[in-house]
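Single-structure report; data block below.
Note that the structure is a prediction, hence the values are computed from the model and not measured.
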Amino acid sequence: MNGKRVLLGALLIACGCGTAFGADGAPVIKKLGTIDCDMVETTPIVFHDKLYRFEYVRDNYKPNTTGKSYFRFVDVASGEYTPPFARGYHLGSAFVDGDTVYVYGVSKWGGPHIHVFWSKDLGDWKEQTAMELTGWEIFNTSVCRGRGAYVMAFEIGAPKEGTGNGFTRRLAESDDLRNWRLTAKECVYTKERYSACPALRFVDDRYYMVYLEAYPGPWYAPHIVRSKDLVEWEESPFKPIMKHSDEDRAIANPKLSEGERNRIVKAVDLNNSDVDFCEFKGKTVINYSWGNQQGVEHLAAAEFDGKESDFLKGFFPKP
(Lines give C-alpha, C1' and ligand atoms only; values in the text may rest on other atoms or scores of the structure.)
Protein backbone atom coordinates (compact mmCIF):
# COMPACT_ATOMS: atom_id res chain seq x y z
CA MET A 1 0.00 0.00 0.00
CA ASN A 2 1.39 3.41 -0.89
CA GLY A 3 1.13 6.55 1.21
CA LYS A 4 -1.91 7.75 -0.77
CA ARG A 5 -3.83 4.59 0.11
CA VAL A 6 -3.02 5.02 3.81
CA LEU A 7 -4.27 8.62 3.60
CA LEU A 8 -7.36 7.52 1.71
CA GLY A 9 -8.06 4.93 4.39
CA ALA A 10 -7.81 7.54 7.14
CA LEU A 11 -10.21 9.83 5.29
CA LEU A 12 -12.70 7.03 4.70
CA ILE A 13 -12.63 6.09 8.36
CA ALA A 14 -13.07 9.71 9.38
CA CYS A 15 -16.20 10.04 7.28
CA GLY A 16 -17.55 6.68 8.46
CA CYS A 17 -17.93 5.14 4.98
CA GLY A 18 -16.09 2.26 3.32
CA THR A 19 -13.92 1.87 6.35
CA ALA A 20 -12.67 -1.67 5.77
CA PHE A 21 -11.70 -1.63 2.08
CA GLY A 22 -10.34 1.07 -0.19
CA ALA A 23 -11.42 2.07 -3.69
CA ASP A 24 -9.05 -0.54 -5.16
CA GLY A 25 -10.60 -3.30 -3.01
CA ALA A 26 -7.62 -3.75 -0.69
CA PRO A 27 -8.02 -3.78 3.10
CA VAL A 28 -7.45 -0.31 4.54
CA ILE A 29 -4.78 -0.17 7.22
CA LYS A 30 -5.24 2.86 9.46
CA LYS A 31 -1.99 3.95 11.09
CA LEU A 32 -2.40 5.15 14.69
CA GLY A 33 1.15 6.31 15.41
CA THR A 34 4.24 5.55 17.44
CA ILE A 35 4.07 3.73 20.78
CA ASP A 36 7.73 3.44 21.77
CA CYS A 37 11.35 3.91 20.69
CA ASP A 38 13.86 1.09 20.18
CA MET A 39 11.18 -1.59 20.47
CA VAL A 40 10.89 -3.82 17.38
CA GLU A 41 9.73 -7.43 17.68
CA THR A 42 6.29 -7.54 19.31
CA THR A 43 3.16 -9.71 19.05
CA PRO A 44 -0.35 -8.54 19.99
CA ILE A 45 -2.39 -11.36 21.56
CA VAL A 46 -5.72 -11.84 23.31
CA PHE A 47 -5.51 -13.84 26.54
CA HIS A 48 -8.48 -14.28 28.90
CA ASP A 49 -10.37 -11.67 26.86
CA LYS A 50 -7.71 -9.00 27.40
CA LEU A 51 -5.43 -7.45 24.79
CA TYR A 52 -1.72 -7.84 25.53
CA ARG A 53 1.40 -6.94 23.61
CA PHE A 54 4.32 -9.34 23.84
CA GLU A 55 7.63 -7.47 23.72
CA TYR A 56 11.22 -8.53 23.10
CA VAL A 57 13.12 -5.99 25.22
CA ARG A 58 16.58 -5.62 23.78
CA ASP A 59 19.62 -4.97 25.97
CA ASN A 60 20.06 -1.51 24.38
CA TYR A 61 16.47 -0.43 25.12
CA LYS A 62 17.01 2.68 27.23
CA PRO A 63 14.66 1.76 30.13
CA ASN A 64 16.30 -1.69 30.34
CA THR A 65 18.92 -1.35 33.07
CA THR A 66 19.48 -5.08 33.58
CA GLY A 67 22.25 -5.42 30.99
CA LYS A 68 20.47 -8.32 29.30
CA SER A 69 17.60 -8.73 26.91
CA TYR A 70 14.35 -10.28 28.16
CA PHE A 71 10.71 -10.89 27.26
CA ARG A 72 7.57 -9.42 28.83
CA PHE A 73 3.89 -8.71 28.17
CA VAL A 74 2.06 -5.39 28.38
CA ASP A 75 -1.60 -5.08 29.32
CA VAL A 76 -2.54 -2.65 26.55
CA ALA A 77 -5.50 -1.14 28.43
CA SER A 78 -3.64 -0.42 31.68
CA GLY A 79 -0.05 -0.17 30.44
CA GLU A 80 1.08 -2.54 33.19
CA TYR A 81 3.98 -4.91 32.52
CA THR A 82 4.26 -8.54 33.53
CA PRO A 83 7.45 -9.67 35.31
CA PRO A 84 10.35 -10.14 32.85
CA PHE A 85 11.33 -13.65 31.82
CA ALA A 86 13.63 -15.41 29.33
CA ARG A 87 16.61 -13.25 30.24
CA GLY A 88 19.28 -13.34 27.54
CA TYR A 89 16.89 -14.55 24.83
CA HIS A 90 16.11 -12.71 21.62
CA LEU A 91 13.67 -12.22 18.72
CA GLY A 92 10.62 -13.57 20.50
CA SER A 93 7.09 -14.23 19.28
CA ALA A 94 3.95 -15.29 21.16
CA PHE A 95 1.02 -17.63 20.52
CA VAL A 96 -2.09 -18.36 22.59
CA ASP A 97 -3.57 -21.87 22.74
CA GLY A 98 -6.58 -22.04 25.06
CA ASP A 99 -5.50 -21.22 28.61
CA THR A 100 -1.77 -21.25 27.82
CA VAL A 101 0.56 -18.69 26.26
CA TYR A 102 3.61 -19.94 24.36
CA VAL A 103 6.63 -17.80 23.56
CA TYR A 104 9.44 -18.72 21.19
CA GLY A 105 12.90 -17.18 20.98
CA VAL A 106 16.57 -17.83 20.28
CA SER A 107 19.49 -17.69 22.71
CA LYS A 108 21.44 -15.57 20.23
CA TRP A 109 20.80 -13.93 16.88
CA GLY A 110 21.53 -16.61 14.33
CA GLY A 111 21.75 -19.40 16.89
CA PRO A 112 21.02 -23.05 15.96
CA HIS A 113 18.07 -23.71 18.25
CA ILE A 114 14.63 -22.36 19.12
CA HIS A 115 13.54 -22.26 22.76
CA VAL A 116 9.94 -22.36 23.99
CA PHE A 117 8.47 -20.87 27.17
CA TRP A 118 4.89 -21.44 28.32
CA SER A 119 2.64 -20.13 31.09
CA LYS A 120 -0.97 -20.10 32.22
CA ASP A 121 -0.70 -16.81 34.15
CA LEU A 122 2.10 -14.78 32.43
CA GLY A 123 4.09 -15.04 35.63
CA ASP A 124 5.18 -18.63 36.17
CA TRP A 125 7.05 -19.90 33.09
CA LYS A 126 8.25 -23.35 32.08
CA GLU A 127 10.75 -23.85 29.27
CA GLN A 128 12.58 -26.31 27.05
CA THR A 129 14.36 -26.53 23.71
CA ALA A 130 11.75 -26.62 20.95
CA MET A 131 14.00 -27.48 18.00
CA GLU A 132 17.74 -27.63 17.38
CA LEU A 133 19.28 -27.52 13.90
CA THR A 134 23.06 -27.76 14.05
CA GLY A 135 24.76 -25.41 11.60
CA TRP A 136 21.65 -23.32 11.02
CA GLU A 137 21.22 -19.61 11.73
CA ILE A 138 17.73 -18.90 13.15
CA PHE A 139 16.12 -15.53 13.80
CA ASN A 140 12.41 -14.55 13.93
CA THR A 141 9.55 -17.03 14.39
CA SER A 142 5.74 -17.13 14.07
CA VAL A 143 3.31 -19.91 15.04
CA CYS A 144 -0.27 -20.77 14.12
CA ARG A 145 -2.67 -23.71 14.45
CA GLY A 146 -2.65 -25.34 11.02
CA ARG A 147 -4.16 -28.30 9.26
CA GLY A 148 -3.74 -31.25 11.63
CA ALA A 149 -0.76 -29.73 13.46
CA TYR A 150 0.71 -26.50 14.70
CA VAL A 151 2.95 -24.79 12.15
CA MET A 152 5.91 -22.49 12.68
CA ALA A 153 7.50 -20.18 10.12
CA PHE A 154 11.04 -19.29 11.11
CA GLU A 155 13.61 -17.02 9.51
CA ILE A 156 17.03 -18.41 8.62
CA GLY A 157 20.35 -17.05 7.38
CA ALA A 158 22.13 -20.41 6.97
CA PRO A 159 22.81 -23.03 5.68
CA LYS A 160 23.42 -21.40 2.30
CA GLU A 161 21.75 -24.18 0.33
CA GLY A 162 18.57 -23.75 2.35
CA THR A 163 18.62 -19.99 2.49
CA GLY A 164 19.34 -18.87 -1.04
CA ASN A 165 19.39 -15.08 -1.29
CA GLY A 166 19.24 -13.21 2.02
CA PHE A 167 16.80 -14.19 4.76
CA THR A 168 14.41 -17.07 4.02
CA ARG A 169 11.47 -18.66 5.84
CA ARG A 170 11.45 -22.38 6.56
CA LEU A 171 8.56 -24.28 8.15
CA ALA A 172 8.26 -26.71 11.08
CA GLU A 173 5.39 -28.70 12.63
CA SER A 174 4.41 -29.74 16.15
CA ASP A 175 1.68 -31.74 17.86
CA ASP A 176 2.11 -30.11 21.28
CA LEU A 177 3.72 -26.65 20.69
CA ARG A 178 6.81 -27.78 22.62
CA ASN A 179 8.53 -30.32 20.38
CA TRP A 180 9.02 -29.32 16.76
CA ARG A 181 10.12 -31.13 13.59
CA LEU A 182 11.39 -29.66 10.36
CA THR A 183 9.11 -30.03 7.34
CA ALA A 184 10.31 -31.09 3.88
CA LYS A 185 12.86 -28.82 2.20
CA GLU A 186 10.22 -27.85 -0.37
CA CYS A 187 8.30 -26.02 2.38
CA VAL A 188 10.09 -22.70 2.02
CA TYR A 189 9.52 -19.06 1.06
CA THR A 190 11.54 -17.74 -0.65
CA LYS A 191 15.13 -18.54 -1.63
CA GLU A 192 14.96 -16.14 -4.58
CA ARG A 193 15.25 -12.85 -2.70
CA TYR A 194 15.32 -11.19 0.73
CA SER A 195 12.28 -12.26 2.74
CA ALA A 196 12.16 -11.78 6.51
CA CYS A 197 9.94 -11.21 9.58
CA PRO A 198 7.18 -13.84 9.18
CA ALA A 199 3.65 -13.57 10.61
CA LEU A 200 1.84 -16.84 9.86
CA ARG A 201 -1.90 -17.57 10.09
CA PHE A 202 -4.31 -20.32 8.95
CA VAL A 203 -7.73 -19.30 7.65
CA ASP A 204 -10.30 -21.36 5.69
CA ASP A 205 -7.82 -24.13 4.91
CA ARG A 206 -5.08 -21.79 3.65
CA TYR A 207 -1.90 -20.51 5.22
CA TYR A 208 -1.36 -16.76 5.02
CA MET A 209 2.01 -15.19 5.67
CA VAL A 210 2.96 -11.53 5.97
CA TYR A 211 6.68 -10.96 5.52
CA LEU A 212 9.23 -8.25 4.71
CA GLU A 213 10.54 -7.47 1.21
CA ALA A 214 13.55 -5.29 0.33
CA TYR A 215 13.20 -2.64 -2.37
CA PRO A 216 15.96 -0.78 -4.25
CA GLY A 217 17.02 2.36 -2.45
CA PRO A 218 16.94 0.58 -0.12
CA TRP A 219 13.57 0.62 1.59
CA TYR A 220 11.56 -2.19 3.15
CA ALA A 221 7.86 -3.04 3.21
CA PRO A 222 5.57 -5.99 4.04
CA HIS A 223 4.00 -8.30 1.46
CA ILE A 224 1.50 -11.13 1.93
CA VAL A 225 1.35 -14.58 0.34
CA ARG A 226 -0.87 -17.62 0.86
CA SER A 227 -0.59 -21.38 0.34
CA LYS A 228 -2.61 -24.56 0.64
CA ASP A 229 0.40 -26.85 1.10
CA LEU A 230 3.32 -24.67 2.37
CA VAL A 231 5.11 -25.40 -0.92
CA GLU A 232 3.32 -23.38 -3.61
CA TRP A 233 2.72 -19.76 -2.59
CA GLU A 234 0.41 -17.22 -4.21
CA GLU A 235 1.38 -13.56 -4.05
CA SER A 236 -1.21 -10.88 -3.39
CA PRO A 237 -1.68 -8.36 -6.22
CA PHE A 238 -1.66 -5.65 -3.54
CA LYS A 239 1.99 -5.09 -2.76
CA PRO A 240 3.31 -3.81 -0.56
CA ILE A 241 0.40 -3.98 1.85
CA MET A 242 1.70 -0.88 3.66
CA LYS A 243 4.62 1.51 3.29
CA HIS A 244 6.57 3.98 5.40
CA SER A 245 4.82 7.35 5.54
CA ASP A 246 4.44 10.48 7.69
CA GLU A 247 1.58 8.75 9.55
CA ASP A 248 4.26 6.63 11.26
CA ARG A 249 5.39 9.72 13.18
CA ALA A 250 2.03 10.44 14.84
CA ILE A 251 2.17 10.07 18.64
CA ALA A 252 0.04 7.18 19.92
CA ASN A 253 1.53 7.12 23.42
CA PRO A 254 1.09 10.28 25.53
CA LYS A 255 3.85 9.09 27.88
CA LEU A 256 6.57 9.59 25.24
CA SER A 257 9.07 12.19 26.46
CA GLU A 258 9.89 15.44 24.69
CA GLY A 259 13.23 13.95 23.68
CA GLU A 260 11.54 10.90 22.19
CA ARG A 261 9.04 13.07 20.33
CA ASN A 262 11.87 15.14 18.85
CA ARG A 263 13.64 11.98 17.79
CA ILE A 264 10.48 10.69 16.09
CA VAL A 265 10.16 13.91 14.08
CA LYS A 266 13.75 13.76 12.83
CA ALA A 267 14.30 10.00 12.45
CA VAL A 268 14.99 8.43 9.07
CA ASP A 269 11.98 6.40 7.96
CA LEU A 270 12.50 3.84 5.21
CA ASN A 271 10.72 0.75 6.46
CA ASN A 272 7.52 -0.72 7.83
CA SER A 273 8.69 -4.08 9.17
CA ASP A 274 8.07 -6.79 11.77
CA VAL A 275 4.31 -6.69 11.24
CA ASP A 276 2.19 -8.81 13.60
CA PHE A 277 -1.49 -8.72 14.43
CA CYS A 278 -4.49 -10.25 16.19
CA GLU A 279 -8.26 -9.80 16.30
CA PHE A 280 -9.78 -7.95 19.25
CA LYS A 281 -13.35 -6.71 19.60
CA GLY A 282 -14.08 -6.99 15.90
CA LYS A 283 -10.94 -5.19 14.71
CA THR A 284 -7.54 -6.38 13.60
CA VAL A 285 -4.89 -4.90 15.91
CA ILE A 286 -1.55 -4.39 14.14
CA ASN A 287 1.93 -3.70 15.52
CA TYR A 288 4.85 -2.80 13.28
CA SER A 289 8.27 -1.17 13.36
CA TRP A 290 9.52 1.83 11.41
CA GLY A 291 12.90 3.52 11.17
CA ASN A 292 16.17 3.14 9.29
CA GLN A 293 16.28 -0.71 9.42
CA GLN A 294 19.75 -0.41 10.92
CA GLY A 295 19.10 -0.06 14.65
CA VAL A 296 17.19 3.22 15.02
CA GLU A 297 13.67 1.81 15.17
CA HIS A 298 10.26 2.73 16.58
CA LEU A 299 7.22 0.66 17.53
CA ALA A 300 3.93 1.78 16.01
CA ALA A 301 0.29 0.71 16.00
CA ALA A 302 -2.28 0.36 13.25
CA GLU A 303 -5.64 -1.32 12.74
CA PHE A 304 -7.99 -2.79 10.18
CA ASP A 305 -11.68 -2.16 10.80
CA GLY A 306 -12.73 -5.81 10.57
CA LYS A 307 -11.97 -9.40 11.45
CA GLU A 308 -8.51 -10.88 11.01
CA SER A 309 -9.88 -13.40 8.49
CA ASP A 310 -11.37 -10.58 6.38
CA PHE A 311 -8.09 -8.68 6.62
CA LEU A 312 -6.06 -11.61 5.31
CA LYS A 313 -8.48 -12.81 2.63
CA GLY A 314 -9.10 -9.24 1.47
CA PHE A 315 -5.65 -9.08 -0.10
CA PHE A 316 -6.63 -11.84 -2.53
CA PRO A 317 -9.53 -10.85 -4.82
CA LYS A 318 -9.76 -14.36 -6.28
CA PRO A 319 -11.52 -17.08 -4.17
Side-chain angles (χ1 to χ4, degrees), residues 1-44 51 53 55 74 76 197 199 210-215 217-224 236 238-280 282-306 308 310-312 314-315:
M1 169 183 303
N2 57 31
K4 290 182 178 179
R5 187 185 297 161
V6 171
L7 178 58
L8 172 63
L11 292 173
L12 289 171
I13 289 171
C15 73
C17 56
T19 58
F21 299 92
D24 59 0
V28 171
I29 297 173
K30 179 185 177 183
K31 292 185 173 183
L32 303 177
T34 299
I35 301 170
D36 205 350
C37 297
D38 299 317
M39 183 68 68
V40 182
E41 289 83 8
T42 66
T43 311
L51 179 64
R53 183 174 64 250
E55 295 185 341
V74 183
V76 174
C197 308
V210 176
Y211 70 98
L212 187 65
E213 284 265 6
Y215 283 78
W219 55 279
Y220 302 82
H223 285 210
I224 185 171
S236 167
F238 302 111
K239 51 189 178 182
I241 64 171
M242 59 191 297
K243 182 183 176 182
H244 60 280
S245 64
D246 285 341
E247 289 88 346
D248 298 329
R249 303 180 192 275
I251 302 301
N253 179 4
K255 295 182 179 180
L256 290 173
S257 69
E258 182 178 354
E260 290 170 323
R261 292 169 189 247
N262 290 335
R263 165 183 158 164
I264 288 166
V265 170
K266 299 175 182 178
V268 172
D269 187 10
L270 53 77
N271 76 287
N272 280 179
S273 68
D274 298 270
V275 174
D276 218 329
F277 46 89
C278 73
E279 183 179 324
F280 183 64
K283 292 189 176 185
T284 302
V285 175
I286 302 168
N287 288 159
Y288 69 97
S289 174
W290 69 270
N292 67 0
Q293 195 67 10
Q294 295 180 0
V296 181
E297 307 294 335
H298 310 81
L299 178 65
E303 67 180 22
F304 166 72
D305 190 15
E308 182 181 278
D310 293 335
F311 173 68
L312 294 169
F315 288 108

Sorted by chain and number, sequence neighbours left out, side chain to side chain donor-acceptor pair (under 3.5 Å) with Thr34 holds for Trp290

Taking side-chain contact (heavy atoms from CB on, under 4.5 Å) as the test, write out the residues that go with Leu32, two or more places apart.
Lys30, Ala301, Glu303

With sequence neighbours excluded, tell me which residues meet ring-ring contact (aromatic ring centres under 6.0 Å, His included) with Tyr220.
Tyr194

Report the residues that fulfil salt bridge (charged side-chain N to carboxylate O under 4.0 Å, His left out) with Glu55, sequence neighbours left out, ordered by chain and then residue number.
Arg53, Arg72

Has the side chain of Asn262 got a donor or acceptor atom that lies under 3.5 Å from a matching backbone atom of Gly259?
no

In chain order, what residues pass the salt bridge (charged side-chain N to carboxylate O under 4.0 Å, His left out) check against Asp274, with sequence neighbours excluded?
none

What residues form a side-chain contact (heavy atoms from CB on, under 4.5 Å) with Asn292, not counting sequence neighbours?
Val268, Gln294, Val296, Glu297

With sequence neighbours left out, what residues match Glu213 under salt bridge (charged side-chain N to carboxylate O under 4.0 Å, His left out)?
Arg193

Contacts of type side chain to side chain donor-acceptor pair (under 3.5 Å), residue Asp38, not counting sequence neighbours:
Arg263

Counterpart residues, salt bridge (charged side-chain N to carboxylate O under 4.0 Å, His left out), relative to Asp36 (two or more places apart):
none

With sequence neighbours excluded, residues passing ring-ring contact (aromatic ring centres under 6.0 Å, His included) with Phe304:
Phe21, Phe311

What residues, two or more places apart in sequence or in another chain, satisfy side chain to side chain donor-acceptor pair (under 3.5 Å) together with Ser236?
none

Name all residues meeting the side chain to side chain donor-acceptor pair (under 3.5 Å) criterion together with Glu260; count only those two or more places apart in sequence or in a different chain, and write none if there are none.
Ser257

